[in-house]
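Just so we're clear, the structure is a prediction, and the values are computed from it rather than from any experiment. When a ligand or atom number is given, it counts from 1 through the structure's own listing order.
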Amino acid sequence: MLGRSLVPFLLLGLFAAARGSQNAQSYPKKCTELRLRREWRDLSLRDKHAYIRAVKCLQTLPAKDESLPEKITRYEEFVVSHTGASEGVHGVGQFLPWHRALGFLYETALREECGYKGPFPFWDWPRDADGSKPLKESPLFDAATGFGPDGTPGTYTTLPNADPLPPGFNTSLPPYTPPQWNCVTSGPFANLTLHLGPGKSQNFDHCLTRAVQEEFRYLLQTPNIKNIMSQKDYDSFWNSLDGWPFKDWALHDGGHFAVSGDLTNYYTSPNEPLFYLHHSGLDRLWWKWQHSKPGRLQEIGGRSSPLPPYGKVTPALQLSFGALAPPITVGRILDTSYEPYCYAYP
Ligand SMILES: *[C@@H]1O[C@H](CO)[C@@H](O)[C@H](O)[C@H]1NC(C)=O
Ligand SMILES: *[C@@H]1O[C@H](CO)[C@@H](O)[C@H](O)[C@H]1NC(C)=O
Ligand SMILES: [Cu+2]
């Protein structure tokens, strides 16, 4: 098993040192060992339980940032970071690097603050979407060994008007169907109280919501993924997986809208723990694309702003995470075989 034994402790020590000197002229070190990420259903039962326990642990720890209201949890600090960055990290070339870094910060918190030791999970969508079973029967939604089931209709009383749309979105796209808001009432996140959003301009206590929608299934199927993986350069690669609301629906939207509820919110979608599995699934496609041809590992590009003037993403572009973590340049996020990342995908 990769990444077990004493090595992780050594790596974590180096990570702390690297983090402190991130803005100085320091050169990242090649990892001595890589952790292998795993599809959710390939985790052992023990690791599944340990992972859910660690997520729930983050949801009970207080936020580190003392300027946040007292009820905001450590888990929700990642939501705060996403909300703050959202308008600058979607519909742009740095979409993949920014979400890779956020996912890794989250993984690190699960390990260092909540004792998780197993593989970090991802969602390999075709394992659900290529078959004939309804999506809501996915092992991801298992009440005992997953993230709990679909929401229960009629349990959400406040209809949110939750600014799900960023400024400048493309109004000529197919009409936006409002997502359903049904409370998740059983499983590990039953009646979980979320304190942020939905949306950036309001925060009210509400339940975690889902309403699994089959109409987005086609985006999660193998032909769509094959098309993404066949793209010849980074700019067309990120464009082919990140679509709405600037372009037509794509795989990224498919995962968010298939689950619906909180996961559809442009700002506060990390309220839904499945956010991280969907995004590590996207990170895995990027990782595989990066390793599929020489030269792709350092290839980056695309526009750096969703609205004119567009700019261009370079390795020197700094990405911000608010109070969650110091800024990181895109160049430091490209190769996960360098510290602090040290992970690979099957
Ligand atoms: C908006 O979407 C339409 C329909 O897909 C497309 O033809 C048009 O180019 C898009 N506009 C922008 C600014 O992306
Ligand atoms: C969650 O809330 C619903 C409705 O308010 C209730 O029926 C259900 O028993 C609750 N579930 C848990 C696990 O507390
Ligand atoms: Cu996002």
Is the positively charged end of Arg37 above the ring of Tyr343, judged by distance under 6.0 angstrom from the centroid and angle within 45° of the axis?
yes

Write down, by chain and number, every protein residue that brings a non-hydrogen atom to less than 4.0 Å from an atom of ligand 2.
Thr185, Ala190, Asn191

Kindly compute the distance separating NE2 (His256) from CG (Leu251), expressed to the nearest 0.5 Å.
9.5 Å

Roughly how far, to the nearest 0.5 Å, is OG1 of Thr268 from CG of Asn203?
8.5 Å

Does the shortest distance from the Cu ion (ligand 3) to an N/O/S atom of His279 fall below 2.8 Å?
no

Suppose we call two aromatic rings close when their centres sit under 6.0 Å apart. Are His278 and Phe122 close by that rule?
no

Quick one: does Leu274's side chain get under 4.5 Å of Trp123's, heavy atoms only?
no

If we ignore hydrogens and angles and just use 3.5 Å, is the side chain of Thr185 paired with the main-chain N or O of Ala190 as donor and acceptor?
no

To check your reading of the site, what angle at the Cu ion (ligand 3) do NE2 of His82 and NE2 of His90 form, to 10°?
110°

Does the separation of the ring centres of His195 and His206 fall below 6.0 angstrom?
no

